[in-house]
Amino acid sequence: MTMNRRTLNTALAAAALGSMLPVSALAQKKLVLGFAQVGAESEWRTANTESIKSSAKEAGIELKFSDAQQKQENQIKAIRSYIAQKVDVIAFSPVVESGWETVLREAKAAKIPVVLTDRSVNTKDDTLYVTFMGSDFVEEGRKAGRWLVEKMKDQKGDVNIVELQGTVGSAPAIDRKKGFEEIIKADPKFKIIRSQTGDFTRAKGKEVMEAFLKADGKKINVLFAHNDDMAIGAIQAIEEAGMKPAKDITIISIDGVKGAFEAMIAGKLNVSVECSPLLGPQLMSAVKDIKAGKALPKRIVTEEGIFPMEVAAKEFPNRKY
């Protein structure tokens, strides 16, 4: 009995002390971030997920994470669940550009700020999100185009290009194509003879490249792949067709993942345009700023380079993904 009284007295004392504590001491509850990821379709995406998870841990932010397996309806479901859970901030990398208005309006009505990472959305109302952080995909396409134009400037006759596009309707697929075409259209010798989606995956990249080779074989001079994983799949198809990747067919891809550097060191890939997946620290900093009421720029662009095969071996030890 005495024991119970003592426990009760202790509890009452603690409650009284709690009511006297300053608000700041009581408000030490963790910030909660709901993050809806596209999936795990490539080395890039895996590195992106790892960066977000480890940065949230380091920043002391509670992360609710979901993997949409490259399906928009799964992402929308995840965002709605974050709204229901009243998280502090929602962030996501949209699978495709369109079809987000309704769910973004729901988040706005619930007064939950939204951050877009890596990919943007197509909306007339840009008050539906706070900021979009990530790469300039159009510029990545331009970099790929400029490299090709420079490399082939002395070549006489047509340069036949096949293109492995990313996921249909996704921002990187639309923009990388646009940037690349913008540069090569200045010279009519550059011709895209085939263009098809490889869905950003290695397996689909190989499958589509096999079809390109069956149709056009020796006519193909250049492969432009919207990401490294598709390029690596395509390299396999080129070798199985008895051709030499990076020699018989010049190969340009985008991302700059370790697998691409290994392919360049092996002499099988000519160049990779960097697209950094390490957005975690930047995202956590933005989440804290939003909650502190600080204004953020509408667009935060990641700084990136371009790596031809000649520098791959030297640069490889510096790669973090």
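Quick caveat, the model's predicted, so the values are computed rather than measured.
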| message | Is there a side chain to side chain contact (heavy atoms under 4.5 Å, CB included) between Val271 and Ile306? Walk through the geometry before answering. | response | CA-CA 7 Å; Val271 65; Ile306 177 166; 3.7 Å; yes
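- Using modelled atom types, one side-chain atom of Glu304 and one backbone atom of Ser276 make a donor-acceptor pair closer than 3.5 Å.
- The backbone N or O of Thr201 lies less than 3.5 Å from no partner atom in the side chain of Ser42, so there is not a single donor-acceptor pair.
- Atom NZ of Lys294 has 12 or fewer neighbouring heavy atoms from other residues, nucleotides or ligands inside a 6.0 Å radius.
- A donor-acceptor pair under 3.5 Å links the side-chain atoms of Gln75 to the main chain of Val95, judged by distance alone.
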| task | Report the C-alpha separation of Tyr82 and Ser66 in whole Å, then their side-chain angles, then the decisive distance to 0.1 Å, and conclude whether the side chain to side chain donor-acceptor pair (under 3.5 Å) test is met. | result | CA-CA 10 Å; Tyr82 298 148; Ser66 67; 3.2 Å; yes
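- Electrostatic pairing of Lys77 and Glu73 does not count as a salt bridge here, judged by no charged N lying under 4.0 Å from a carboxylate O.
- When every heavy atom of Ala91 is checked against every heavy atom of Leu283, the shortest pair comes out as CB-CD1, 4.0 Å.
- Phe307 carries Arg319 over the face of its six-membered ring, with the cationic atom under 6.0 Å from the centre and within 45° of the normal.
- A heavy-atom distance below 4.5 Å is not found between the side chains of Met152 and Asp187.
- With Asn227 contributing its side chain and Phe200 its backbone, the two residues share a donor-acceptor pair below 3.5 Å.
- Under a 4.0 Å N-O distance rule, the pair Asp88/Lys30 does not qualify as a salt bridge.
- Residues Trp100 and Phe92 place their aromatic rings such that the two centres sit under 6.0 Å apart.
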| task | Test Glu240 against Lys206 for salt bridge (charged side-chain N to carboxylate O under 4.0 Å, His left out), laying out the working first. | result | CA-CA 10 Å; Glu240 285 172 13; Lys206 180 174 189 271; 3.1 Å; yes
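- Environment of NZ in Lys189: crowded, with over 12 heavy atoms of neighbouring residues, nucleotides or ligands closer than 6.0 Å.
- Cluster annotation: Ile76 and Leu116 are assigned to the same hydrophobic cluster (Ile/Leu/Val/Met/Phe/Trp/Tyr, side-chain heavy-atom contacts under 4.5 Å, transitive).
- Put simply, the side chain of Glu310 reaches to within 4.5 Å of the side chain of Pro308, judged on heavy atoms.
- Between Phe180 and Phe224, the ring-plane angle classifies as parallel under the 30° and 60° cut-offs.
- In this structure the side chain of Phe190 never reaches within 4.5 angstrom of the side chain of Lys185, judged on heavy atoms.
- Between Glu274 and Lys143 there is no salt bridge, since no side-chain nitrogen of the basic residue lies less than 4.0 Å from a carboxylate oxygen of the acidic one.
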| message | Using side chain to side chain donor-acceptor pair (under 3.5 Å), reason through Thr250 and Asn270 one step at a time and then give a plain yes or no. | response | CA-CA 6 Å; Thr250 297; Asn270 298 84; 4.6 Å; no
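- No donor-acceptor distance shorter than 3.5 angstrom exists from the side chain of Lys288 to the backbone of Leu31, with no hydrogens or angles considered.
- Distance CG/Leu164 to CE/Met209: 7.0 Å, rounded to 0.5 Å.
- Here the side chain of Lys298 pairs a donor or acceptor atom with the backbone of Tyr129 at under 3.5 angstrom.
- A salt bridge between Lys191 and Asp158 is present, with a side-chain N of the basic residue lying under 4.0 Å from a carboxylate O of the acidic one.
- The side-chain tip of Lys53 points at the ring of Phe65 from less than 6.0 angstrom away and within 45° of straight on.
- For Gln165 and Ser195, the side-chain atoms include at least one donor-acceptor pair closer than 3.5 Å.
- No side-chain donor-acceptor contact under 3.5 Å links Ser54 and Glu58.
- With 3.5 Å as the limit, one finds a donor-acceptor pair spanning the side chains of Thr167 and Asp199.
- Heavy-atom minimum distance, Leu213 versus Ala241: CD1-CB, 4.0 Å.
- Side-chain contact check for Tyr321 and Ser51: no donor-acceptor pair (N or O, by modelled atom type) lies under 3.5 Å.
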| task | Report the C-alpha distance between Glu101 and Thr123 in whole Å, list the side-chain angles of each, state the deciding distance to 0.1 Å, and finish with yes or no for side chain to side chain donor-acceptor pair (under 3.5 Å). | result | CA-CA 7 Å; Glu101 294 260 344; Thr123 173; 2.5 Å; yes
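- Between Arg146 and Glu150 no salt bridge is recorded (no basic side-chain N to carboxylate O distance below 4.0 Å).
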| query | Between Thr117 and Ser93, does a side chain to side chain donor-acceptor pair (under 3.5 Å) hold up when you go through it step by step? | reply | CA-CA 5 Å; Thr117 70; Ser93 293; 2.9 Å; yes
| query | For Lys218 and Asp248, what are the C-alpha separation, side-chain angles and deciding distance, and is it a salt bridge (charged side-chain N to carboxylate O under 4.0 Å, His left out)? | reply | CA-CA 8 Å; Lys218 297 269 192 290; Asp248 296 331; over 6 Å; no
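- Hydrophobic clustering (side-chain heavy atoms under 4.5 Å, transitive across Ile, Leu, Val, Met, Phe, Trp, Tyr) keeps Val130 apart from Ile112.
- Although no hydrogens or angles enter the test, the distance criterion places a donor-acceptor pair under 3.5 Å between the side chain of Asp229 and the main chain of Glu43.
- Val115 and Ile52 fall within the same hydrophobic cluster, where Ile, Leu, Val, Met, Phe, Trp and Tyr residues are linked whenever their side-chain heavy atoms come under 4.5 Å apart, directly or through other members.
- If you run side-chain contact (heavy atoms from CB on, under 4.5 Å) between Ile184 and each of Val159, Ile161, Val222, only Ile161 comes through.
- Between the side chain of Glu207 and the main chain of Arg202, no donor-acceptor pair closer than 3.5 Å is present.
- A heavy-atom distance below 4.5 Å is found between the side chains of Leu128 and Asp125.
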| What do the steps show when you test Lys268 against Ile251 for side chain to side chain contact (heavy atoms under 4.5 Å, CB included), and what is the final call? | CA-CA 8 Å; Lys268 296 177 181 185; Ile251 304 173; over 6 Å; no
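- For the side-chain hydrogen bond (donor to acceptor under 3.5 Å, both in side chains) with Gln37, the qualifying choice from Asn48, Asn74, Asp118 is Asn48, the only one to do so.
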| task | Kindly indicate, with the supporting measurements, whether the criterion side chain to side chain contact (heavy atoms under 4.5 Å, CB included) is fulfilled by Val311 and Met264. | result | CA-CA 9 Å; Val311 303; Met264 286 191 280; over 6 Å; no
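- A salt bridge links Glu139 with Arg142: the distance from a Lys NZ or Arg NE/NH1/NH2 to an Asp or Glu carboxylate oxygen falls below 4.0 Å.
- Asp255 places no side-chain N or O within donor-acceptor distance of the main-chain N or O of Trp44, the cut-off being under 3.5 Å.
- Side-chain contact between Gln85 and Lys64 is present, with at least one heavy-atom pair separated by less than 4.5 Å.
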| Taking it one step at a time, do Glu106 and Lys108 satisfy salt bridge (charged side-chain N to carboxylate O under 4.0 Å, His left out)? | CA-CA 5 Å; Glu106 289 167 23; Lys108 190 179 178 181; over 6 Å; no
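- With a 4.5 Å cut-off on side-chain heavy atoms, Leu278 and Lys320 count as touching.
- Under the 4.0 Å criterion applied to side-chain N and carboxylate O atoms, Glu163 and Arg194 are not assigned as salt-bridge partners.
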| Given Glu41 and Arg45, is the salt bridge (charged side-chain N to carboxylate O under 4.0 Å, His left out) satisfied, shown in steps? | CA-CA 6 Å; Glu41 75 282 6; Arg45 190 63 58 190; 3.3 Å; yes
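- When all heavy atoms of Pro172 and His226 are compared, the pair lying nearest together is O-ND1, 4.4 Å.
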